[in-house]
Protein chains: 2
Amino acid sequence: MLLSKSCVYGLRASLYLAGHQSENYIPIRQMSDKLEISFHFLTKILQQLTSAGILESYKGPNGGVRLIRSGEDVTLMEVVLAIDGDYMLTQCALGLPGCGVMKPCPIHEKWAETRDKIRDMLESTTLTELAKKGKDLDLRITAEGGFEDL
Amino acid sequence: MLLSKSCVYGLRASLYLAGHQSENYIPIRQMSDKLEISFHFLTKILQQLTSAGILESYKGPNGGVRLIRSGEDVTLMEVVLAIDGDYMLTQCALGLPGCGVMKPCPIHEKWAETRDKIRDMLESTTLTELAKKGKDLDLRITAEGGFEDL
DNA sequence: AGGTTTTAAGACTCTTTAATCTTAATATAA
DNA sequence: TTATATTAAGATTAAAGAGTCTTAAAACCT
(Lines give C-alpha, C1' and ligand atoms only; values in the text may rest on other atoms or scores of the structure.)
Protein backbone atom coordinates (compact mmCIF):
# COMPACT_ATOMS: atom_id res chain seq x y z
CA MET A 1 0.00 0.00 0.00
CA LEU A 2 1.38 3.36 -0.97
CA LEU A 3 0.01 5.26 2.02
CA SER A 4 -0.69 3.77 5.44
CA LYS A 5 -4.22 3.80 6.76
CA SER A 6 -3.22 6.38 9.32
CA CYS A 7 -2.03 8.60 6.52
CA VAL A 8 -5.20 8.17 4.50
CA TYR A 9 -7.29 9.04 7.55
CA GLY A 10 -5.05 12.03 8.16
CA LEU A 11 -5.57 13.25 4.62
CA ARG A 12 -9.33 12.87 4.81
CA ALA A 13 -9.45 14.71 8.12
CA SER A 14 -7.24 17.47 6.77
CA LEU A 15 -9.52 17.88 3.77
CA TYR A 16 -12.47 18.03 6.12
CA LEU A 17 -10.83 20.83 8.07
CA ALA A 18 -9.88 22.67 4.89
CA GLY A 19 -13.50 22.44 3.79
CA HIS A 20 -14.77 23.83 7.10
CA GLN A 21 -12.16 26.49 7.53
CA SER A 22 -13.08 29.13 10.07
CA GLU A 23 -11.78 30.68 13.27
CA ASN A 24 -13.50 27.97 15.26
CA TYR A 25 -12.00 24.75 16.46
CA ILE A 26 -13.66 21.61 15.11
CA PRO A 27 -14.23 18.84 17.68
CA ILE A 28 -12.53 15.56 16.81
CA ARG A 29 -15.70 13.71 17.73
CA GLN A 30 -17.59 15.53 15.01
CA MET A 31 -14.95 14.59 12.46
CA SER A 32 -14.76 10.98 13.54
CA ASP A 33 -18.54 10.72 13.26
CA LYS A 34 -18.76 12.33 9.84
CA LEU A 35 -15.74 10.58 8.41
CA GLU A 36 -16.57 7.27 10.06
CA ILE A 37 -13.15 6.87 11.61
CA SER A 38 -12.60 5.52 15.13
CA PHE A 39 -12.51 8.51 17.47
CA HIS A 40 -9.48 7.43 19.46
CA PHE A 41 -7.56 6.39 16.42
CA LEU A 42 -8.27 9.67 14.67
CA THR A 43 -7.27 11.55 17.79
CA LYS A 44 -3.83 10.02 17.72
CA ILE A 45 -3.38 10.76 14.05
CA LEU A 46 -4.40 14.36 14.55
CA GLN A 47 -1.95 14.60 17.43
CA GLN A 48 0.79 13.77 14.94
CA LEU A 49 -0.41 16.55 12.66
CA THR A 50 -0.56 18.89 15.62
CA SER A 51 2.97 18.17 16.76
CA ALA A 52 4.11 18.53 13.15
CA GLY A 53 2.83 22.09 13.20
CA ILE A 54 0.05 21.56 10.69
CA LEU A 55 -2.85 21.74 13.16
CA GLU A 56 -3.40 23.41 16.50
CA SER A 57 -5.67 22.06 19.20
CA TYR A 58 -7.65 23.41 22.09
CA LYS A 59 -9.12 21.54 25.03
CA GLY A 60 -12.43 21.94 26.74
CA PRO A 61 -15.85 23.07 25.51
CA ASN A 62 -15.72 24.59 22.03
CA GLY A 63 -12.30 23.04 21.69
CA GLY A 64 -11.06 20.84 18.90
CA VAL A 65 -8.50 21.22 16.14
CA ARG A 66 -7.98 23.56 13.22
CA LEU A 67 -5.38 24.24 10.57
CA ILE A 68 -2.66 26.57 11.80
CA ARG A 69 -2.15 28.08 8.38
CA SER A 70 -4.72 28.43 5.66
CA GLY A 71 -5.24 25.16 3.81
CA GLU A 72 -4.07 27.11 0.79
CA ASP A 73 -0.54 26.74 2.02
CA VAL A 74 -0.72 23.15 3.20
CA THR A 75 0.32 20.57 0.65
CA LEU A 76 -0.52 16.88 0.68
CA MET A 77 3.18 16.29 1.04
CA GLU A 78 3.26 17.93 4.46
CA VAL A 79 0.50 15.67 5.74
CA VAL A 80 2.09 12.55 4.28
CA LEU A 81 5.50 13.39 5.70
CA ALA A 82 4.04 14.09 9.14
CA ILE A 83 2.36 10.68 9.29
CA ASP A 84 4.26 8.27 7.06
CA GLY A 85 7.60 10.02 6.91
CA ASP A 86 9.72 10.19 3.79
CA TYR A 87 10.20 6.45 3.51
CA MET A 88 8.15 6.17 0.33
CA LEU A 89 10.12 8.93 -1.34
CA THR A 90 13.58 7.75 -0.43
CA GLN A 91 13.41 3.98 -0.19
CA CYS A 92 15.09 1.85 -2.86
CA ALA A 93 12.72 -0.27 -4.94
CA LEU A 94 14.77 -3.34 -4.07
CA GLY A 95 15.08 -2.35 -0.42
CA LEU A 96 18.85 -1.99 -0.62
CA PRO A 97 20.46 0.29 1.94
CA GLY A 98 22.17 3.38 0.61
CA CYS A 99 20.83 3.01 -2.91
CA GLY A 100 21.52 6.23 -4.81
CA VAL A 101 23.50 7.65 -7.68
CA MET A 102 26.73 6.50 -6.05
CA LYS A 103 25.66 2.91 -5.38
CA PRO A 104 22.53 2.33 -7.45
CA CYS A 105 20.53 -0.82 -8.00
CA PRO A 106 19.43 -1.67 -11.56
CA ILE A 107 16.00 -0.15 -11.00
CA HIS A 108 17.26 2.96 -9.27
CA GLU A 109 17.13 5.36 -12.19
CA LYS A 110 13.65 4.52 -13.42
CA TRP A 111 12.37 4.30 -9.91
CA ALA A 112 13.74 7.70 -8.99
CA GLU A 113 11.94 9.23 -11.96
CA THR A 114 8.69 7.62 -10.94
CA ARG A 115 9.11 8.70 -7.35
CA ASP A 116 9.70 12.26 -8.47
CA LYS A 117 6.32 12.18 -10.19
CA ILE A 118 4.70 11.18 -6.94
CA ARG A 119 6.63 13.81 -5.07
CA ASP A 120 5.66 16.52 -7.56
CA MET A 121 2.02 15.62 -7.28
CA LEU A 122 2.03 15.67 -3.49
CA GLU A 123 3.97 18.92 -3.34
CA SER A 124 1.90 20.75 -5.90
CA THR A 125 -1.49 19.90 -4.45
CA THR A 126 -2.97 21.89 -1.59
CA LEU A 127 -5.74 21.01 0.83
CA THR A 128 -7.78 24.05 -0.12
CA GLU A 129 -7.57 23.25 -3.80
CA LEU A 130 -8.98 19.78 -3.19
CA ALA A 131 -11.56 20.93 -0.66
CA LYS A 132 -12.82 23.56 -3.11
CA LYS A 133 -13.01 20.98 -5.86
CA GLY A 134 -14.82 18.66 -3.48
CA LYS A 135 -17.38 21.30 -2.62
CA ASP A 136 -17.89 22.55 -6.15
CA LEU A 137 -18.45 19.10 -7.58
CA ASP A 138 -19.88 17.55 -4.39
CA LEU A 139 -17.23 14.83 -4.39
CA ARG A 140 -16.76 12.57 -1.42
CA ILE A 141 -14.19 12.07 1.29
CA THR A 142 -16.28 9.37 2.95
CA ALA A 143 -17.59 6.07 1.64
CA GLU A 144 -21.14 7.30 1.17
CA GLY A 145 -22.46 10.73 0.41
CA GLY A 146 -20.81 13.89 -0.89
CA PHE A 147 -18.95 16.82 0.51
CA GLU A 148 -22.21 18.60 1.27
CA ASP A 149 -23.24 16.04 3.85
CA LEU A 150 -20.24 16.78 6.02
CA MET B 1 5.61 1.19 1.65
CA LEU B 2 4.94 1.00 -2.05
CA LEU B 3 5.91 -2.66 -2.47
CA SER B 4 5.67 -5.31 0.21
CA LYS B 5 8.85 -7.03 1.36
CA SER B 6 7.68 -10.21 -0.31
CA CYS B 7 7.40 -8.31 -3.55
CA VAL B 8 10.84 -6.77 -3.24
CA TYR B 9 12.35 -10.19 -2.55
CA GLY B 10 10.46 -11.58 -5.51
CA LEU B 11 11.86 -8.87 -7.76
CA ARG B 12 15.40 -9.45 -6.59
CA ALA B 13 15.08 -13.19 -7.09
CA SER B 14 13.58 -12.67 -10.54
CA LEU B 15 16.46 -10.42 -11.50
CA TYR B 16 18.86 -13.05 -10.23
CA LEU B 17 17.23 -15.64 -12.44
CA ALA B 18 17.22 -13.32 -15.43
CA GLY B 19 20.93 -12.75 -14.87
CA HIS B 20 21.63 -16.49 -14.75
CA GLN B 21 19.38 -17.50 -17.56
CA SER B 22 20.10 -20.97 -18.91
CA GLU B 23 18.40 -24.28 -19.47
CA ASN B 24 19.27 -25.31 -15.93
CA TYR B 25 17.12 -24.97 -12.88
CA ILE B 26 18.60 -22.81 -10.13
CA PRO B 27 18.22 -24.18 -6.59
CA ILE B 28 16.34 -21.88 -4.24
CA ARG B 29 18.98 -22.51 -1.58
CA GLN B 30 21.61 -20.99 -3.83
CA MET B 31 19.45 -17.93 -4.39
CA SER B 32 18.57 -17.51 -0.73
CA ASP B 33 22.26 -17.71 0.17
CA LYS B 34 23.41 -15.23 -2.46
CA LEU B 35 20.55 -12.82 -1.97
CA GLU B 36 20.57 -13.18 1.81
CA ILE B 37 16.89 -13.94 2.04
CA SER B 38 15.46 -16.58 4.38
CA PHE B 39 15.23 -19.82 2.44
CA HIS B 40 11.74 -20.80 3.53
CA PHE B 41 10.39 -17.35 3.04
CA LEU B 42 11.88 -17.09 -0.43
CA THR B 43 10.50 -20.51 -1.26
CA LYS B 44 6.98 -19.33 -0.56
CA ILE B 45 7.42 -16.21 -2.64
CA LEU B 46 8.78 -18.20 -5.56
CA GLN B 47 5.82 -20.55 -5.27
CA GLN B 48 3.60 -17.56 -5.93
CA LEU B 49 5.60 -16.72 -9.02
CA THR B 50 5.43 -20.34 -10.11
CA SER B 51 1.69 -20.58 -9.77
CA ALA B 52 1.39 -17.26 -11.58
CA GLY B 53 3.09 -18.84 -14.58
CA ILE B 54 6.24 -16.76 -14.40
CA LEU B 55 8.54 -19.51 -13.12
CA GLU B 56 8.60 -23.27 -13.37
CA SER B 57 10.06 -25.52 -10.74
CA TYR B 58 11.54 -28.97 -10.59
CA LYS B 59 12.09 -31.17 -7.57
CA GLY B 60 14.99 -33.39 -6.67
CA PRO B 61 18.70 -33.23 -7.45
CA ASN B 62 19.55 -30.56 -10.03
CA GLY B 63 16.10 -29.16 -9.42
CA GLY B 64 15.18 -25.59 -8.63
CA VAL B 65 13.34 -22.85 -10.47
CA ARG B 66 13.76 -20.99 -13.74
CA LEU B 67 11.88 -18.45 -15.81
CA ILE B 68 9.30 -20.05 -18.06
CA ARG B 69 9.74 -17.43 -20.74
CA SER B 70 12.83 -15.46 -21.51
CA GLY B 71 13.30 -12.63 -19.03
CA GLU B 72 13.06 -10.43 -22.11
CA ASP B 73 9.32 -10.90 -22.05
CA VAL B 74 8.77 -10.63 -18.31
CA THR B 75 7.95 -7.17 -17.03
CA LEU B 76 8.27 -5.93 -13.49
CA MET B 77 4.51 -5.50 -13.56
CA GLU B 78 3.96 -9.23 -13.88
CA VAL B 79 6.06 -9.93 -10.82
CA VAL B 80 4.41 -7.19 -8.79
CA LEU B 81 0.92 -8.32 -9.76
CA ALA B 82 1.71 -11.94 -8.89
CA ILE B 83 2.85 -11.02 -5.39
CA ASP B 84 1.16 -7.79 -4.33
CA GLY B 85 -1.82 -7.86 -6.66
CA ASP B 86 -3.21 -4.77 -8.34
CA TYR B 87 -4.11 -3.04 -5.10
CA MET B 88 -1.51 -0.33 -5.55
CA LEU B 89 -2.69 0.44 -9.06
CA THR B 90 -6.40 0.53 -8.37
CA GLN B 91 -6.80 1.70 -4.79
CA CYS B 92 -8.18 5.18 -4.13
CA ALA B 93 -5.77 7.56 -2.43
CA LEU B 94 -8.37 8.19 0.26
CA GLY B 95 -9.25 4.51 0.55
CA LEU B 96 -12.82 5.05 -0.64
CA PRO B 97 -14.56 2.05 -2.16
CA GLY B 98 -15.51 2.33 -5.81
CA CYS B 99 -13.57 5.52 -6.41
CA GLY B 100 -13.40 6.13 -10.15
CA VAL B 101 -14.55 8.49 -12.87
CA MET B 102 -18.17 7.88 -11.91
CA LYS B 103 -17.76 8.47 -8.17
CA PRO B 104 -14.42 10.17 -7.71
CA CYS B 105 -12.81 11.60 -4.61
CA PRO B 106 -11.15 15.03 -4.85
CA ILE B 107 -7.71 13.48 -5.34
CA HIS B 108 -8.85 10.89 -7.85
CA GLU B 109 -7.79 12.64 -11.02
CA LYS B 110 -4.29 13.61 -9.97
CA TRP B 111 -3.79 10.31 -8.28
CA ALA B 112 -4.81 8.36 -11.35
CA GLU B 113 -2.25 10.27 -13.39
CA THR B 114 0.47 9.51 -10.90
CA ARG B 115 -0.52 5.87 -10.73
CA ASP B 116 -0.37 5.63 -14.50
CA LYS B 117 3.23 6.78 -14.33
CA ILE B 118 4.01 3.94 -11.94
CA ARG B 119 2.12 1.50 -14.13
CA ASP B 120 3.94 2.63 -17.26
CA MET B 121 7.28 2.20 -15.60
CA LEU B 122 6.50 -1.28 -14.34
CA GLU B 123 5.03 -2.38 -17.65
CA SER B 124 7.81 -1.02 -19.81
CA THR B 125 10.67 -2.51 -17.83
CA THR B 126 11.76 -6.10 -18.35
CA LEU B 127 13.84 -8.38 -16.17
CA THR B 128 16.43 -8.94 -18.87
CA GLU B 129 16.86 -5.25 -19.45
CA LEU B 130 17.64 -4.70 -15.78
CA ALA B 131 19.78 -7.82 -15.43
CA LYS B 132 21.86 -6.75 -18.42
CA LYS B 133 22.24 -3.30 -16.97
CA GLY B 134 23.20 -4.85 -13.66
CA LYS B 135 25.88 -7.00 -15.28
CA ASP B 136 27.26 -4.31 -17.54
CA LEU B 137 27.63 -1.79 -14.76
CA ASP B 138 28.15 -4.32 -11.96
CA LEU B 139 25.23 -2.91 -9.99
CA ARG B 140 23.83 -4.69 -6.97
CA ILE B 141 20.72 -6.61 -6.10
CA THR B 142 22.02 -7.40 -2.64
CA ALA B 143 23.13 -5.15 0.21
CA GLU B 144 26.83 -5.72 -0.38
CA GLY B 145 28.76 -6.49 -3.53
CA GLY B 146 27.85 -6.27 -7.20
CA PHE B 147 26.14 -8.40 -9.78
CA GLU B 148 29.35 -10.24 -10.50
CA ASP B 149 29.46 -11.77 -7.06
CA LEU B 150 26.20 -13.61 -7.58
C1' DA C 1 14.39 -50.65 -2.80
C1' DG C 2 16.59 -47.03 0.03
C1' DG C 3 18.96 -42.84 0.79
C1' DT C 4 19.62 -38.01 -0.77
C1' DT C 5 18.30 -33.65 -2.76
C1' DT C 6 15.14 -30.65 -3.71
C1' DT C 7 10.43 -28.05 -3.88
C1' DA C 8 5.56 -27.89 -1.58
C1' DA C 9 2.61 -27.04 2.07
C1' DG C 10 1.04 -26.08 6.44
C1' DA C 11 1.57 -24.81 11.29
C1' DC C 12 3.64 -21.80 14.13
C1' DT C 13 6.00 -17.49 16.03
C1' DC C 14 7.43 -12.71 15.93
C1' DT C 15 6.85 -7.93 14.64
C1' DT C 16 4.36 -4.07 12.98
C1' DT C 17 0.22 -1.71 12.11
C1' DA C 18 -4.45 -0.83 13.27
C1' DA C 19 -7.84 -0.16 16.57
C1' DT C 20 -9.80 0.11 21.23
C1' DC C 21 -10.10 1.22 26.07
C1' DT C 22 -8.95 3.67 30.22
C1' DT C 23 -7.30 7.39 32.73
C1' DA C 24 -5.38 11.99 33.00
C1' DA C 25 -5.15 16.83 31.98
C1' DT C 26 -7.17 21.16 30.54
C1' DA C 27 -10.64 24.45 29.68
C1' DT C 28 -15.46 26.26 30.11
C1' DA C 29 -19.50 27.52 32.36
C1' DA C 30 -23.14 27.41 35.69
C1' DT D 1 -16.15 24.95 42.83
C1' DT D 2 -18.30 21.43 40.69
C1' DA D 3 -19.99 19.37 36.51
C1' DT D 4 -19.13 18.91 31.69
C1' DA D 5 -16.70 18.91 27.35
C1' DT D 6 -12.86 18.21 25.22
C1' DT D 7 -7.83 16.78 23.85
C1' DA D 8 -3.57 13.95 25.59
C1' DA D 9 -1.36 9.90 26.72
C1' DG D 10 -0.60 5.30 27.77
C1' DA D 11 -2.07 0.39 28.11
C1' DT D 12 -4.24 -3.15 25.89
C1' DT D 13 -6.18 -5.99 22.16
C1' DA D 14 -6.76 -7.45 17.27
C1' DA D 15 -5.25 -8.15 12.69
C1' DA D 16 -1.93 -8.34 9.13
C1' DG D 17 2.66 -8.95 7.45
C1' DA D 18 7.08 -11.13 7.90
C1' DG D 19 9.71 -14.90 9.04
C1' DT D 20 10.69 -19.75 10.94
C1' DC D 21 10.09 -24.65 11.53
C1' DT D 22 8.43 -29.21 10.51
C1' DT D 23 6.69 -32.62 7.62
C1' DA D 24 5.36 -34.24 3.10
C1' DA D 25 6.03 -35.11 -1.75
C1' DA D 26 8.71 -35.65 -5.82
C1' DA D 27 12.75 -36.74 -8.36
C1' DC D 28 17.24 -38.62 -8.70
C1' DC D 29 21.07 -41.97 -7.87
C1' DT D 30 23.29 -46.02 -6.30
Side-chain angles (χ1 to χ4, degrees), chain A residues 1-13 16-17 24-68 80 82-85 87-88 91 94-95, chain B residues 1-13 16-17 24-68 80 82-85 87-88 91 94-95:
Chain A
M1 194 176 354
L2 189 46
L3 303 173
S4 70
K5 276 204 162 189
S6 294
C7 192
V8 166
Y9 291 161
L11 284 171
R12 286 171 54 202
Y16 183 94
L17 287 174
N24 298 330
Y25 290 94
I26 309 272
I28 299 175
R29 176 70 66 183
Q30 173 185 328
M31 278 197 276
S32 70
D33 284 349
K34 295 284 191 178
L35 297 175
E36 292 167 301
I37 300 171
S38 145
F39 169 74
H40 291 290
F41 194 31
L42 183 58
T43 295
K44 282 207 233 176
I45 294 164
L46 295 180
Q47 277 169 28
Q48 292 184 267
L49 296 180
T50 300
S51 66
I54 295 171
L55 306 181
E56 59 190 338
S57 67
Y58 203 78
K59 291 178 183 173
N62 304 313
V65 297
R66 68 182 180 197
L67 291 167
I68 283 191
V80 170
I83 299 175
D84 278 352
Y87 190 82
M88 171 184 71
Q91 180 66 329
L94 296 184
Chain B
M1 196 176 350
L2 188 46
L3 303 174
S4 70
K5 278 206 162 188
S6 294
C7 192
V8 167
Y9 292 161
L11 284 171
R12 286 171 54 200
Y16 183 93
L17 287 174
N24 299 328
Y25 290 95
I26 309 272
I28 299 176
R29 177 70 67 183
Q30 174 184 327
M31 278 197 276
S32 71
D33 284 350
K34 295 285 191 179
L35 297 175
E36 293 169 301
I37 300 171
S38 144
F39 169 72
H40 291 290
F41 194 31
L42 183 57
T43 294
K44 281 207 239 179
I45 294 164
L46 296 180
Q47 277 169 27
Q48 292 184 267
L49 295 179
T50 300
S51 66
I54 296 171
L55 306 181
E56 60 190 338
S57 66
Y58 203 78
K59 291 178 182 174
N62 303 314
V65 296
R66 69 182 179 197
L67 292 167
I68 283 191
V80 170
I83 299 175
D84 278 352
Y87 191 82
M88 171 183 70
Q91 180 67 330
L94 296 184

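Throughout, protein chains are lettered first and strands after them, A, B, ... in sequence-line order, and every chain is numbered starting at 1.
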Starting at [atom1] of [X], measure out to [atom2] of [Y] and round the result to the nearest 0.5 Å.
| X | Y | atom1 | atom2 | answer |
| --- | --- | --- | --- | --- |
| B:Ile54 | B:Leu67 | CD1 | CG | 8.5 Å |
| A:Ile45 | A:Leu49 | CD1 | CG | 8.0 Å |
| A:Leu55 | A:Gln48 | CG | CD | 11.0 Å |

Residue pairs involving residues 45-68 of chain A (criterion salt bridge (charged side-chain N to carboxylate O under 4.0 Å, His left out); sequence neighbours excluded):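 Listed once each, the pairs are A:Glu56-A:Arg66.
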Using a cut-off of less than 4.0 Å, is there contact between a side-chain N or O of B:Lys59 and OP1 or OP2 of C:dT5?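 No, no such contact exists.
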Using OP1 and OP2 only, check whether a side-chain N or O of A:Ser38 sits under 4.0 Å from C:dT20.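 Affirmative; the distance criterion is met.
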Name the first nucleotide and the last nucleotide along DNA chain D (5' to 3') that come under 4.0 Å of a heavy atom in chain A.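 Endpoints of the contacted stretch of DNA chain D: D:dA5 to D:dA11.
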Rounded interatomic separation in angstrom, taking [atom1] from [X] and [atom2] from [N]:
| X | N | atom1 | atom2 | result |
| --- | --- | --- | --- | --- |
| B:Ile26 | C:dT6 | CD1 | C1' | 14 Å |
| A:His40 | C:dA24 | NE2 | P | 15 Å |
| B:Phe41 | C:dT15 | CZ | P | 15 Å |
| A:Lys5 | C:dT20 | NZ | C1' | 14 Å |
| A:Tyr9 | C:dT17 | OH | P | 15 Å |
| A:Asp84 | C:dT17 | CG | C1' | 11 Å |
| A:Ile28 | C:dT20 | CD1 | P | 15 Å |
| A:Lys44 | C:dT23 | NZ | C1' | 14 Å |

Parallel, tilted or perpendicular, as decided by the 30° and 60° cut-offs, for the rings of B:Tyr58 and B:Tyr25: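 Ring orientation, 0 to 90° scale: parallel.
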Step-by-step side-chain contact (heavy atoms from CB on, under 4.5 Å) determination, B:Asn62 to B:Asn24: CA-CA 8 Å; B:Asn62 303 314; B:Asn24 299 328; over 6 Å; no
Going through the checks in order, is the side-chain contact (heavy atoms from CB on, under 4.5 Å) test met by A:Leu3 and A:Leu11? CA-CA 10 Å; A:Leu3 303 173; A:Leu11 284 171; 3.8 Å; yes
Which of residues 46-58 of chain A sit near DNA chain D, with a heavy atom under 4.0 Å from it?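 Under 4.0 Å from DNA chain D: A:Gln47, A:Ser57, A:Tyr58.
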Non-hydrogen atoms of A:Arg12 and B:Leu94 that approach each other most closely: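 Between these two residues, the closest heavy atoms are CD-O, 3.4 Å.
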A:Asp33, CG: over 12 other non-hydrogen atoms inside 6.0 angstrom: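 Yes, enclosed.
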